[in-house]
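Residue numbers start from 1 in every chain, and the chains themselves are labelled A, B, ... in the order their sequence lines are given, proteins ahead of strands.
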There are 2 protein chains.
Amino acid sequence: MKNPIEHLNKIFDNRVRLGVMSTLMVNEEINFNDLKQLMDVTDGNLASHLATLEEHGYIKVHKGFIGRKTNTTYSITKAGEKSFKEHIEALENMIRGIR
Amino acid sequence: MKNPIEHLNKIFDNRVRLGVMSTLMVNEEINFNDLKQLMDVTDGNLASHLATLEEHGYIKVHKGFIGRKTNTTYSITKAGEKSFKEHIEALENMIRGIR
DNA sequence: ATTGCTACTTTGTATTACAAAGTGCTTTTT
DNA sequence: AAAAAGCACTTTGTAATACAAAGTAGCAAT
């Protein structure tokens, strides 16, 4: 018998971070407010999860403008993509194990 | 754009509970010590996660013996199977979304 | 000058996770 | 018979995590 969870990444256990990462896998970039609505969290809560992902080097921030309004967008890094793919693979292996 | 995590079950966010459930999906029953070694957790920690799963009606406990030694085994309930399958489906949909 | 928006940071609290120690029961060893 | 050990917890205490709510800085619109 083998441990089905040993290769899962602890950072991605959290649903908000998991959601952000999987959203960033298919969107070149997303801004703060769209992400906030998408995940249905408070702005403070989102900010802290984004900070965690950034501290781990999984996402990067880009502060820009739309017209004259500030617009902060987030995108996945190479390292983030790699780590997330490994996590997904671990999930798939776990799922494969139950079939 | 849609929320990739809305159908995930919060109880299964935790890696130990996720591991226990996915192990019980493919094993009719497992005893406490095997589960403890498999998940690599302390006995107290495992006991508390098992209690959470039991409180939610996802697993059931069977206290038995092997020869003369006590042997507590755990198995998945119908409800647990249903909820876990739904969680897996939600995960698969999320994964499908990133491809 | 006030209001509003964005993207936070700070503060405080509740929840969760965990290790370690303790417990009750039984069995095995000496 | 006494001591040690195993099982499956429960209890206790602590650290980490998650979260809401309020506060903040900078800029824009009214």
If you compare every side-chain N and O of [X] against the phosphate oxygens of [N] (OP1, OP2), does one of them come in below 4.0 Å?
X: B/T70; N: C/dT26; answer: no
X: A/T72; N: C/dC8; answer: yes
X: A/K63; N: C/dC8; answer: yes

What do you reckon, is CG of B/N93 surrounded by more than 12 foreign heavy atoms closer than 6.0 Å?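 Yes - once you tally the heavy atoms of other residues, nucleotides and ligands closer than 6.0 Å, there are more than 12.
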In terms of heavy-atom contacts, does CZ of A/R68 have more than 12 from other residues, nucleotides or ligands at under 6.0 Å?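 No, CZ of A/R68 has 12 or fewer neighbouring heavy atoms, counting only those of other groups under 6.0 Å.
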Using whole Å, what does the distance between atom [atom2] of nucleotide [N] and atom [atom1] of [X] come to?
X: B/K36; N: D/dT10; atom1: NZ; atom2: P; result: 15 Å
X: B/I5; N: D/dA18; atom1: CD1; atom2: C1'; result: 13 Å
X: A/E54; N: C/dA7; atom1: CD; atom2: P; result: 14 Å
X: A/N31; N: C/dC8; atom1: CG; atom2: P; result: 11 Å
X: A/I11; N: D/dT17; atom1: CD1; atom2: C1'; result: 11 Å
X: A/F32; N: D/dC27; atom1: CZ; atom2: P; result: 19 Å
X: B/H62; N: D/dC7; atom1: NE2; atom2: P; result: 18 Å
X: A/L53; N: D/dA18; atom1: CG; atom2: C1'; result: 14 Å

For [X] and [Y], which heavy atoms make the closest approach, and how far apart are they?
X: B/E54; Y: B/I59; result: CG-O, 3.6 Å
X: A/E92; Y: B/I95; result: OE2-CG2, 3.6 Å
X: B/N71; Y: B/T73; result: ND2-CG2, 3.4 Å

Output, in order, the C-alpha distance, side-chain angles, deciding distance and verdict of ring pair (Phe, Tyr, Trp, His ring centres under 6.0 Å) for A/F12 and A/F84. CA-CA 8 Å; A/F12 305 139; A/F84 193 68; 5.2 Å; yes
Check nucleotides 16-22 of chain C for protein N or O atoms closer than 3.5 Å to its own N or O atoms and list the pairs.
residue: C/dA17; atom: OP1; partner: B/N14; partner atom: ND2; Å: 2.9
residue: C/dA17; atom: OP2; partner: B/R17; partner atom: NH1; Å: 3.0
residue: C/dC18; atom: OP2; partner: B/H49; partner atom: NE2; Å: 3.1
residue: C/dC18; atom: O5'; partner: B/N45; partner atom: ND2; Å: 3.1
residue: C/dA19; atom: OP2; partner: B/T42; partner atom: OG1; Å: 2.8

Students often get this wrong, so: under 4.0 angstrom with heavy atoms, is B/N33 touching a base, only sugar-phosphate, or nothing?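 Sugar-phosphate only.
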Under a 4.0 Å N-O cut-off, is there an ion pair linking A/K85 with A/E81?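 Yes, this pair counts.
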Among C/dT27, D/dA28, C/dA7, which is the nearest nucleotide to the side chain of B/R68?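 When the side chain of B/R68 is considered, C/dT27 is the closest of C/dT27, D/dA28, C/dA7.
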